[in-house]
> 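Please find one structure pasted underneath; my questions will follow.
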Amino acid sequence: MTISTKFNPLGISGGGGTDAYVQDGLVLHLDGINNGNTPGVWKDLSLEGNDVIMTNEARIDKGYQLMGLDESTRNLGVSKKNVPIGLNNYTIEVVITQTIRAAGGIVSFGSHDGFGRITTCGWCCGWVHYAHDFPDLWELNKRLATTCISLPDGTQRRVNNVVKSSTTAPLCTPDNPVWLGRISPPSYNNYGTGYLYSVRAYNRALTQEELAHNYELDRARFDLP
């Protein structure tokens with residue numbers, strides 16, 4: 001199949017640049033290397049223009065540090081507007097290092113209230129990366145590419161492009177702002193701790209070939225194991 005990118009990434013170092021990722025359906029793209037030059041803003045590289053406003057910005061090599069436990073050092077981000085991912089059609093790809101296993105959100109696309117939020121670890125929850133009930137999915141202190149994909153019968157989760165779990169629970173409420181470092185307020189004041197390097201959201205389920213393509217780019221760009 002033909003993968004929709006802006007140029008052929010083969011032979012280009014450093015993961016091929018941000019334009020080498022699949023473009024079809026891309027509605028949010030935060031890249032820790034190509035993150036813009038405006039203090040306090042993580043530039044959205046998709047065509048949606050949905051920049052993320054960072055509070056207590058803490059940039060690191062190729063990304064940002066999220067410190068969610070101590071209010072005095074807490075770093076958060078929230079998108080300027082809602083991100084249009086469909087109820088039953090989406091892919092979310094995140095490169096992350098979690099440093100503390102706790103019921104805190106690293107990337108949140110949905111409310112934690114009622115039905116209709118992203119499922120990630122076998123039950124409904126409003127955040128994408130959650131390492132409390134299913135610690136085998138998310139290893140601590142290790143940089144990983146993690147993916148949440150909608151399927152006709154539920155949601156599938158992958159780590160480094162290896163399927164880890166799936167569920168038939170309800171999926172994601174569309175058109176929510178994205179929160180970095182916490183579960184979507186005002187539901188819970190739970191915060192995540194770790195390092196965030198990349199976030200991509202698509203308004204469709206990517207194919208197996210597209211998932212593999214993006215993972216290989218992440219692996220080279222962000223020095224994944």
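Positions are given from 1 along the sequence.
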> Any side-chain donor-acceptor pair under 3.5 Å between Arg59 and Asn35?
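Yes, Asn35 and Arg59 have a side-chain donor paired with an acceptor closer than 3.5 Å.
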
> Show the numbers, then the answer: is there a side chain to side chain contact (heavy atoms under 4.5 Å, CB included) between Ile149 and Leu206?
CA-CA 8 Å; Ile149 318 150; Leu206 298 189; 5.8 Å; no

> Atom CZ of Phe222 and atom CZ of Arg143: how far apart are they, to the nearest 0.5 Å?
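So the gap between those two atoms works out to 8.5 Å.
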
> When you check the side-chain N and O atoms of Asp218 and Tyr21, is any donor under 3.5 Å from an acceptor?
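The answer is yes; a qualifying pair exists.
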
> I need the Met67 CE to Thr99 OG1 distance, nearest 0.5 Å.
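If we round to the nearest 0.5 Å, Met67:CE and Thr99:OG1 are 10.0 Å apart.
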
> Nearest 0.5 Å, please: how far is CG in Asp24 from CG in Asn203?
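Result: 8.0 Å between the selected atoms.
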
> Using modelled atom types only, decide if a donor and an acceptor are shared between the side chain of His29 and the backbone of Gln23 within a distance under 3.5 Å.
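No.
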
> Is the cationic atom of Arg204 (NZ for Lys, CZ for Arg) positioned less than 6.0 Å from the six-membered ring centroid of Tyr90 and within 45 degrees of its normal?
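Not satisfied by the 6.0 Å and 45° rule.
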
> Taking it one step at a time, do Thr55 and Ile53 satisfy side chain to side chain contact (heavy atoms under 4.5 Å, CB included)?
CA-CA 7 Å; Thr55 301; Ile53 306 303; 5.5 Å; no

> What's the separation between atom CH2 in Trp42 and atom CG in Leu28, rounded to the nearest 0.5 Å?
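Between atom CH2 of Trp42 and atom CG of Leu28 there are 9.5 Å.
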
> Spell out, as yes or no, whether a donor-acceptor pair under 3.5 Å connects the side chain of Asp51 to the backbone of Lys43.
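It does not hold such a pair.
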
> Please tell me if the side chains of Asn161 and Thr147 come closer than 4.5 Å, counting only heavy atoms from C-beta onward.
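No, every pair of side-chain atoms sits at 4.5 Å or beyond.
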
> Do the side chain of Asn160 and the main chain of Leu144 share a donor and acceptor less than 3.5 angstrom apart?
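Checked: no pair found.
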
> What's the shortest heavy-atom distance between Asn56 and Arg74, and which atoms?
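What the structure gives for the nearest pair is ND2-O, 2.8 Å.
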
> Taking it one step at a time, do Leu211 and Arg158 satisfy side chain to side chain contact (heavy atoms under 4.5 Å, CB included)?
CA-CA 10 Å; Leu211 293 168; Arg158 296 182 175 215; 3.8 Å; yes

> Taking Val95's backbone N and O only, do any of them form a donor-acceptor pair with Ser198's side chain (distance below 3.5 Å, no angle check)?
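Judged by distance alone, no pair lies under 3.5 Å.
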
> Are Tyr197 and Val41 joined in one hydrophobic group, where the rule is that I, L, V, M, F, W and Y side chains link up if heavy atoms are under 4.5 Å apart?
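Each belongs to a different hydrophobic cluster.
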
> When you measure from the side chain of Thr207 to the backbone of Glu210, do you find a donor-acceptor pair of N or O atoms at a distance under 3.5 Å?
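Yes: the side chain of Thr207 pairs with the backbone of Glu210.
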
> Tell me every residue that passes salt bridge (charged side-chain N to carboxylate O under 4.0 Å, His left out) with Asp31, counting only those two or more places apart in sequence or in another chain.
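Asp31 satisfies salt bridge (charged side-chain N to carboxylate O under 4.0 Å, His left out) with Arg221 once adjacent residues are dropped.
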
> Begin with the C-alpha distance, continue with both residues' side-chain angles, and end with the deciding distance and a verdict on side chain to side chain contact (heavy atoms under 4.5 Å, CB included) for Asp44 and Val52.
CA-CA 7 Å; Asp44 175 23; Val52 170; over 6 Å; no

> Give a yes or no on this: more than 12 heavy atoms of other residues, nucleotides or ligands lie within 6.0 Å of atom NZ of Lys62.
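Count over threshold, so yes.
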
> So, the side chain of Asn50 versus the backbone of Lys81: is there a donor-acceptor pair under 3.5 Å, distance only?
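Answer holds: yes.
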
> State, with a plain yes or no, whether a side-chain heavy atom of Tyr195 is found less than 4.5 Å away from one of Ile96.
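No; the side chains remain at least 4.5 Å from each other.
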
> Closer than 3.5 angstrom, by distance alone: can the side chain of Glu57 be matched with the main-chain N or O of Gly40 as a donor-acceptor pair?
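It does hold such a pair.
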
> When rounded to the nearest 0.5 angstrom, what distance separates CG in Leu30 from OG1 in Thr18?
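Going from CG on Leu30 over to OG1 on Thr18, the span is 11.5 Å.
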
> To the nearest 0.5 angstrom, please state how far the CZ atom of Arg200 sits from the CG atom of Leu45.
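So the CZ of Arg200 and the CG of Leu45 are separated by 10.5 Å.
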
> Quick check: does any side chain N or O of Asn75 sit under 3.5 Å from a backbone N or O of Leu66, one acting as donor and the other as acceptor?
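No, Asn75 side chain to Leu66 backbone: no donor-acceptor pair under 3.5 Å.
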
> Would a distance-only check, ignoring hydrogens and angles, find a side-chain to backbone donor-acceptor pair under 3.5 Å from Asn214 to Val22?
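Yes: the side chain of Asn214 pairs with the backbone of Val22.
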
> Quick check against the 3.5 Å criterion: does Thr91 have a side-chain atom that pairs as donor or acceptor with the backbone of Tyr202?
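A pair under 3.5 Å: no.
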
